[in-house]
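Read the numbers this way: they start at 1 and go in the same order the structure lists the ligands and their atoms. The first residue in the sequence is number 1, and the count goes up from there.
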Amino acid sequence: MATLTATPPRSQSITERMAELGHEEVLFCQDRVTGLRAIIAVHNTTLGPALGGTRMWPYASEAEALHDVLRLSRGMTYKSALAGLDLGGGKAVIIGDARTQKTEAMFRRFGRFVDSLNGRYITAEDVGMSTADMVNIRKETKHVAGLPEEMGGSGDPSPFTAYGVYCGMKAAAMKAFGKESLSGLKVAVQGAGNVGRHLIGHLVQEGAKVFLTDIHDDKLAAIKAEHAAVELVAPDAIYDVDMDIYSPCALGATVNDDTLPRLRCAVIAGAANNQLADEEVHGQAVMERGILYVPDFLINAGGIINCAWERKGYDRKAALTQTEGIHDTTLTILRMSAEEHIPTYLAANRMAEQRVRSMAEAGLAF
Ligand code: NAD
């Protein structure tokens with residue numbers, strides 16, 4: 001089974017690794033009866049409770065699962081900080097095969113572990129999890145976000161994620177092409193899933209020329225039926241399209257040594273997490289090529305913004321308005337990057353770290 005992660009470092013102890021990445025707490029959970037094996041990582045709760053999804057994946061080793069949860073939980077701290085949310089960063093992983101090993105009892109047992117953190121960690125849906133699984137977790141803890149609307153939740157986050165990507169893309173277009181409108185620009189979208197589908201609606205409406213790829217023909221056909229002008233391309237051909245904007249909305253690590261020389265675009269702006277195969281190497285490389293890369297954890301925050309509103313008392317309009325803020329934050333990050341001659345991911349990291357630090361220094365920590 002392929003893994004979601006790079007090889008974990010072996011030389012450090014767990015607490016050394018936590019110290020290096022800045023984690024507050026890591027909870028290892030096991031239950032012999034249900035077969036549950038899980039890790040919950042609370043990275044930082046300065047701004048608020050640590051919110052982040054639970055991922056179920058058949059990790060090849062415990063070390064790999066730990067590596068993934070530490071990396072993902074840290075990413076959530078940065079995402080929420082940059083989005084201006086009063087939330088910290090956390091994440092959970094369940095080690096197991098989502099196709100064969102799920103039971104109600106396992107998820108309820110997991111829910112008890114989430115509950116034992118007394119709200120310091122709030123879980124949500126991620127890779128390998130379904131709404132039904134979240135409903136089972138919810139039976140044991142109220143610290144669950146992103147539930148369906150009929151259960152009092154905020155529902156599917158992807159329209160909000162897509163809207164945020166659209167807003168961030170417009171900001172980058174302003175910088176790259178001197179105009180806010182995407183009309184007439186060529187946008188290559190990778191992934192016709194939940195986010196890609198909604199994003200294409202915005203792009204087509206604004207008059208962009210959309211190229212689209214997916215590995216599933218039925219998803220492509222559904223979009224083509226709705227938007228006849230969308231041009232379909234083969235999965236590997238997407239990197240060679242004559243485009244202005246590349247929008248990765250499928251997988252991580254698609255900006256890498258192989259694809260970068262092929263990507264003849266001025267902007268990279270998409271929903272996928274961890275788009276840069278190596279943040280430092282490829283963050284620097286896109287800058288050197290004159291490509292404006294809108295950091296993924298900045299531009300794909302619409303979903304978590306929507307989740308955050310669930311906690312305050314759900315207000316769809318307010319969630320959309322806050323998601324629009326991704327536009328101005330993108331402009332700020334692009335300006336910082338240009339003025340300080342640093343890659344955009346680094347500018348975004350610094351802005352997020354500055355917000356966390358200033359709240360802590362002002363005695364305003366959660
Ligand atoms: P999804 O699973 O609904 O869609 C992903 C699509 O990508 C699928 O249609 C799949 O067939 C396609 N795909 C997979 N491999 C591909 C390949 N090699 N080439 C082309 N297409 C391929 O997922 P989603 O909810 O639309 O999320 C898209 C991305 O955005 C993911 O990386 C996700 O982690 C990230 N993201 C999503 C949200 C959200 O609100 N849904 C929030 C933040 C980040």
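Between Asp68 and Arg71 there is a salt bridge, with a side-chain nitrogen of the basic residue lying less than 4.0 Å from a carboxylate oxygen of the acidic one. Between Asp97 and Arg99 a salt bridge is recorded (basic side-chain N to carboxylate O distance below 4.0 Å). With respect to Arg17 and Glu20, a salt bridge is recorded, a charged nitrogen being found less than 4.0 Å from a carboxylate O.
Using bins of under 30°, 30° to 60° and over 60° for the plane-to-plane angle, the ring pair His43/His23 lands in the perpendicular bin.
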Item to complete: Would you sort out whether Thr34 and Phe110 count as a side chain to side chain contact (heavy atoms under 4.5 Å, CB included), showing the intermediate values?
Response: CA-CA 10 Å; Thr34 60; Phe110 177 70; over 6 Å; no
Practice prompt. Show the numbers, then the answer: is there a side-chain hydrogen bond (donor to acceptor under 3.5 Å, both in side chains) between Tyr246 and Thr254?
Written response: CA-CA 11 Å; Tyr246 169 52; Thr254 62; 2.8 Å; yes
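For Gln205, the CD atom sits in a loose shell: 12 or fewer heavy atoms of surrounding residues, nucleotides or ligands are nearer than 6.0 Å. Annotation for Arg108: atom CZ counts as buried by contact number, over 12 foreign heavy atoms lying within 6.0 Å.
On a distance-only criterion, Gly196 and ligand 1 share no N/O pair closer than 3.5 Å. Not a single N or O atom of Cys249, backbone or side chain, sits closer than 3.5 Å to an N or O atom of ligand 1. Considering backbone and side-chain N/O atoms, Lys79 never comes within less than 3.5 Å of an N/O atom of ligand 1. The shortest N or O to N or O distance between Ala250 and ligand 1 is under 3.5 Å. At under 3.5 Å, a nitrogen or oxygen of Asp214, whether backbone or side chain, sits near a nitrogen or oxygen of ligand 1.
Looking from atom 34 (O) of ligand 1 to the surrounding protein, the closest heavy atom is Asn273 ND2, 3.2 Å. The protein non-hydrogen atom at the shortest distance from atom 43 (C) of ligand 1 is Asn300 O, 3.7 Å. In terms of protein heavy-atom proximity, atom 41 (N) of ligand 1 is nearest to Val195 CG2, 3.5 Å. In terms of protein heavy-atom proximity, atom 4 (O) of ligand 1 is closest to Gly193 CA, 3.2 Å. Scanning the protein for heavy atoms near atom 18 (N) of ligand 1, the closest one is Leu251 CD1, 3.3 Å. At the top of the distance list for atom 14 (C) of ligand 1, counting protein heavy atoms only, stands Ile215 CD1, 3.7 Å. Of all protein heavy atoms, the one closest to atom 23 (O) of ligand 1 is Asn194 N, 4.5 Å.
Side-chain atoms of His143 and Asn118 form no donor-acceptor pair, as typed in the model, at a separation below 3.5 Å.
By heavy-atom distance, the residue among Ala271, Ala301, Gly191 lying nearest atom 44 (C) of ligand 1 is Ala271.
Each of the atoms 8 (C), 9 (O) of ligand 1 lies under 4.0 Å from some heavy atom of Lys219. Distances below 4.0 Å separate heavy atoms of Pro157 from the following atoms of ligand 1: 40 (O). Against a heavy-atom cut-off of under 4.0 Å, Ala272 is close to the following atoms of ligand 1: 29 (C), 30 (O), 32 (O), 35 (C).
By the criterion of a heavy-atom distance under 4.0 Å, the side chain of Thr161, and not its backbone, is placed next to ligand 1.
When distances from atom 32 (O) of ligand 1 to the protein are checked, a heavy atom turns up under 4.0 Å.
With a 6.0 Å cutoff to the six-membered ring centre and a 45° limit on the axis angle, Arg316 does not count as a cation-pi contact of Tyr314.
In this structure the side chain of Gln101 reaches within 4.5 angstrom of the side chain of Met56, judged on heavy atoms.
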